[in-house]
2 protein chains.
Amino acid sequence: MIHNESMSKGGNSGDETILVGDCIARLQEVADKSVDLIFADPPYNLQLKGDLFRPDDSRVDGVDNDWDKFSDFATYDQFTRGWLTECRRVLKDDGAIWLIGSYHNVFRLGVALQDLGFWILNDVIWRKSNPMPNFRGRRFTNAHETLIWASKSETAKYCFNYDMLKASNDDIQMRSDWLFPLCGGEERLKLNGKKAHPTQKPEALLARVLQATTKQGDMVLDPFFGTGTTGAVAKRLGRKFIGIERDETYAAVARRRIEAVVPFEERLTKSPNKRDEPRIPFGWVVERGLLSPGTVLFDAQRRVTAEIQADGTLQATTLWGEHRGSIHKVGAAVQQAPACNGWLYWHFDRDGRAAQIDLLRQHLRAELT
Amino acid sequence: MIHNESMSKGGNSGDETILVGDCIARLQEVADKSVDLIFADPPYNLQLKGDLFRPDDSRVDGVDNDWDKFSDFATYDQFTRGWLTECRRVLKDDGAIWLIGSYHNVFRLGVALQDLGFWILNDVIWRKSNPMPNFRGRRFTNAHETLIWASKSETAKYCFNYDMLKASNDDIQMRSDWLFPLCGGEERLKLNGKKAHPTQKPEALLARVLQATTKQGDMVLDPFFGTGTTGAVAKRLGRKFIGIERDETYAAVARRRIEAVVPFEERLTKSPNKRDEPRIPFGWVVERGLLSPGTVLFDAQRRVTAEIQADGTLQATTLWGEHRGSIHKVGAAVQQAPACNGWLYWHFDRDGRAAQIDLLRQHLRAELT
DNA sequence: GGCACGCCTGAATCCAGCC
DNA sequence: AGGCTGGATTCAGGCGTGC
């Protein structure tokens with residue numbers, strides 16, 4: 001049924017297809033049960049209102065594209081069920097689907113999946129190592145996005161490359177929380193010096209998805225192709241793909257990008273990334289009950305004391321004032337020093353002897369590994 | 001309206017309430033707009049694997065064809081919307097709600113919240129440091145659960161203890177992914193050697209929730225109280241609570257558990273927000289004679305100057321004009337910036353050295369307490 | 001050339017209180 | 001209720017500049 005727009009260079013016709021046009025209309029050209037995996041990154045319906053400025057008065061370049069605007073949830077749900085229904089039709093019975101979203105839309109995606117008969121296998125968290133902070137201090141840093149992995153039905157024999165994932169993860173089962181940086185630097189596609197697409201996903205994320213849940217030669221469909229991350233990664237990993245994109249500008253960027261991709265199957269075997277030691281906030285020591293609120297800390301010479309508050313901050317009184325804040329800030333304040341490593345400065349009483357609170361951090365670190 | 005089952009020991013009547021019975025029925029005894037925060041860990045015995053109850057307590061018969069699978073979700077949705085509607089009624093207009101769930105039910109919870117008019121503030125991931133492995137090797141290790149934090153409406157002035165969270169996290173703002181171990185060891189409640197409740201949550205998780213989004217003395221409601229983790233943590237942190245639990249055995253365990261909790265001393269469970277500090281107009285500084293009219297202020301680099309007027313405004317002259325107004329307005333004008341915190345921008349001469357005028361504000365604030 | 005420093009930016013539902 | 005204003009608010013990483 002697909003007869004054109006194939007990127008035929010370097011592969012068999014139909015191995016690399018980009019279709020330009022409305023997602024549902026072009027999906028209708030794809031044959032029933034012909035696709036092994038679907039990856040869909042639909043509009044998030046962010047509902048952004050006015051501008052947002054950083055504390056340094058620079059403006060945040062938010063997503064204000066028309067394609068992300070929906071009049072209400074009902075409209076968004078209708079849109080979602082429309083394209084998901086077509087996706088279900090083209091998916092092989094043993095196929096699977098991945099969706100990605102944020103709290104704005106992901107709950108609606110999950111419900112639509114369930115209502116249409118898909119069987120959720122996992123939700124997976126993309127933890128961002130470098131998220132944008134919350135500039136006004138009104139919420140938690142929005143530091144993750146959610147992926148949903150679902151098979152076509154409860155009994156489907158979906159593909160899951162368990163051994164490969166475990167081997168590539170220091171022989172530990174791959175967890176449902178994945179850590180990746182945002183897409184930036186060289187990888188981030190530019191057009192006239194500006195980002196070509198506001199929501200380009202990192203290739204590492206797609207690589208994990210495709211390596212985990214497809215075999216070589218599988219057909220991958222992305223109904224919201226954008227600038228073609230799914231296609232680029234699929235080509236590199238020896239998977240076929242169909243990408244559908246409404247915006248010809250995005251599609252043109254994707255074509256150029258994918259042309260340049262040289263498949264490197266050796267990259268399937270990634271060296272495990274050695275991680276730095278995890279940072280342990282002092283709040284955890286209190287939350288976990290290793291030190292209780294009210295406990296008095298002191299410095300090595302026992303000249304200064306501070307009391308632990310229930311929220312993991314310290315309170316100290318000196319001749320020059322009251323000090324409340326983190327172990328570091330209060331440590332600095334009582335010494336009238338510009339900075340202080342609270343973990344090394346503060347001590348607690350253990351069986352009558354002074355012990356650095358850093359011991360407790362080491363304890364928690366050991367537990368986390 | 002609540003007239004019994006209060007655990008009156010050690011607190012005022014109504015500070016610690018456990019109600020036994022159906023969640024919706026007992027919620028109806030709670031007054032409108034009387035609760036500051038709701039924490040709900042609802043059951044998700046979906047998908048024909050256990051009992052499912054309608055709001056009227058009748059049991060749903062399991063069926064296994066596709067059509068009724070849909071009706072199964074529909075019944076769960078009906079149940080969810082039933083208790084959430086009551087929760088919404090008892091919640092103060094500036095209150096907030098937390099829900100926790102896994103991929104089986106959390107998407108349905110999120111959609112119900114949005115459809116009922118709640119405003120999602122964050123989804124938060126509880127990353128489990130010691131999750132149960134996936135024994136069959138067919139999926140990713142299910143290593144997290146999802147919490148949703150939502151205010152009653154888009155415009156609600158919800159409580160968020162930003163400063164405390166940041167201070168307890170080594171001065172970095174708290175992210176949406178939280179790492180905690182499962183509830184086990186001493187903390188895990190046992191009954192005849194077996195765990196008393198299958199899904200007991202760690203107290204550390206509840207402590208983070210309550211410290212982040214309630215003030216001392218706030219009323220917390222948990223409509224699925226179980227063995228009372230919410231109550232135990234609330235009591236320890238100086239919050240009041242109402243817990244509703246249908247199972248008398250669980251409720252009995254909860255009562256015993258909470259009786260044994262010794263609250264932290266009051267001074268330990270406060271988390272002052274910088275935003276709550278009293279506002280000091282610059283005019284007071286002049287009125288009190290801390291700076292006299294005619295004094296010249298300057299910025300940190302001593303590149304810009306401004307003269308204090310008798311009315312507490314500033315006057316400055318630049319190449320682009322004359323500026324008169326508040327310390328903030330003039331600070332912004334001389335920098336050609338959209339906004340400026342004059343307290344931090346302007347300095348005065350103290351013994352030959354530049355000192356921020358904010359010092360004088362701190363002085364006046366100290367006097368007020 | 002190397003390092004230190006500063007600028008730029010990323011799927012963002014981002015203010016509160018008083019008149 | 002809407003408008004005005006005081007004043008509170010950011011983390012990690014890539015990259016360019018300048019010494």
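The sequence lines fix the lettering, A, B, ..., with proteins before strands; numbering per chain opens at 1. It should be emphasised that the depicted structure is a prediction, and the values quoted were computed from it without experimental measurement.
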If you look at every strand shown and take non-hydrogen atoms under 4.0 Å, does A:L52 touch a base, only sugar-phosphate, or nothing?
base
Of residues 295-315 of chain B, the positions that come close to DNA chain D - non-hydrogen atoms, cut-off under 4.0 Å:
none
Between N or O atoms, less than 3.5 Å apart, protein on one side and nucleotides 3-7 of chain C on the other: list the pairs.
none

Reading DNA chain C 5' to 3', what string of ( ), [ ], | and . shows its pairs, if Watson-Crick and G-U wobble pairs count only when both distances fall under 3.5 Å?
.|||||||||....|||||
Kindly write out the residues that satisfy ring pair (Phe, Tyr, Trp, His ring centres under 6.0 Å) with B:H347, not counting sequence neighbours, or none if the list is empty.
none
Ionic contact status for A:R54 with A:D56, cut-off 4.0 Å:
no
Which residues pass the ring pair (Phe, Tyr, Trp, His ring centres under 6.0 Å) test with A:F282, sequence neighbours left out?
A:W343
Would you indicate what A:D41 reaches in the nucleic acid, counting non-hydrogen atoms under 4.0 angstrom: base, sugar-phosphate, or nothing?
base
Figure out the CE/C1' separation between A:M132 and C:dT9, and round it to whole Å.
9 Å
Please identify each residue that fulfils ring pair (Phe, Tyr, Trp, His ring centres under 6.0 Å) with B:F298, with sequence neighbours left out.
none
Note: chain A reaches DNA chain D at heavy-atom distances under 4.0 Å over the stretch, first to last nt, 5' to 3', of D:dG7 to D:dC15
Contact check, residues 181-195 of chain A vs DNA chain C, heavy-atom distance under 4.0 Å, returns A:L182, A:R188, A:K195
One thing to verify: whether A:D61 and A:K195 come together as a salt bridge, which I'm taking to mean a side-chain N less than 4.0 angstrom from a carboxylate O.
yes
Which of C:dA11, C:dA12, C:dT13 is nearest the side chain of A:Y103? It is C:dT13
Return the residues of residues 332-347 of chain B meeting this criterion: a heavy atom under 4.0 Å from some atom of DNA chain D. Order them by number, or give none.
B:A339, B:C340, B:N341, B:W343
So what does A:G226 hit on the nucleic acid, given a heavy-atom distance under 4.0 Å: a base, only sugar-phosphate, or nothing?
nothing
Could you tell me whether B:S326 contacts a base, only the sugar-phosphate backbone, or nothing, with contacts defined as non-hydrogen atoms closer than 4.0 Å?
sugar-phosphate
C:dT13 OP1/OP2 closer than 4.0 Å to side-chain N/O of A:N45:
no
Identify, between B:K329 and A:N130, the residue whose nearest nucleotide on DNA chain D lies closer to the 5' end.
B:K329
Review item, nucleotides 16-19 of chain C N/O atoms under 3.5 Å of protein N/O:
unit_1, atom_1, unit_2, atom_2, d
C:dA16, OP1, A:R138, NE, 3.3
C:dA16, OP1, A:R138, NH2, 2.7

Checking all strands, does B:I280 fall into the base, sugar-phosphate, or nothing category for heavy-atom contacts under 4.0 angstrom?
sugar-phosphate
So does A:K49 reach the base of C:dA12 with its side chain, donor to acceptor, closer than 3.5 Å?
no
Restricting to side-chain contact (heavy atoms from CB on, under 4.5 Å), what partner residues turn up for B:C340, sequence neighbours left out?
B:A332, B:Q335, B:Y345
Counterpart residues, ring pair (Phe, Tyr, Trp, His ring centres under 6.0 Å), relative to B:Y158 (two or more places apart)
B:W149
Looking for any heavy atom pair under 4.0 Å, which part of the strands does B:E154 touch: base, sugar-phosphate only, or nothing?
nothing
Could you tell me whether the side chains of B:Q362 and B:D358 share a donor-acceptor contact shorter than 3.5 Å?
yes
Select base, sugar-phosphate, or nothing to describe what B:R361 touches, counting heavy atoms under 4.0 Å on all strands.
sugar-phosphate
Using a heavy-atom cut-off of under 4.0 Å over every strand shown, decide if A:P202 touches base, sugar-phosphate, or nothing.
nothing
What is the nucleic acid contact for A:N134, judged by heavy atoms within less than 4.0 Å: base, sugar-phosphate only, or nothing?
base
Anti/syn call for C:dT13, syn if |chi| within 90°:
syn
Quick one, A:L46 with A:S102, criterion side-chain contact (heavy atoms from CB on, under 4.5 Å). Give me CA distance, side-chain angles, the key distance, then yes/no.
CA-CA 9 Å; A:L46 286 183; A:S102 67; 4.2 Å; yes
Side-chain donor-acceptor pair present, A:D123, B:H144, cut-off under 3.5 Å:
yes
Just to be sure I understand the rule, does A:P131 reach a base, reach only the sugar-phosphate, or reach nothing, if contact means heavy atoms closer than 4.0 Å?
base
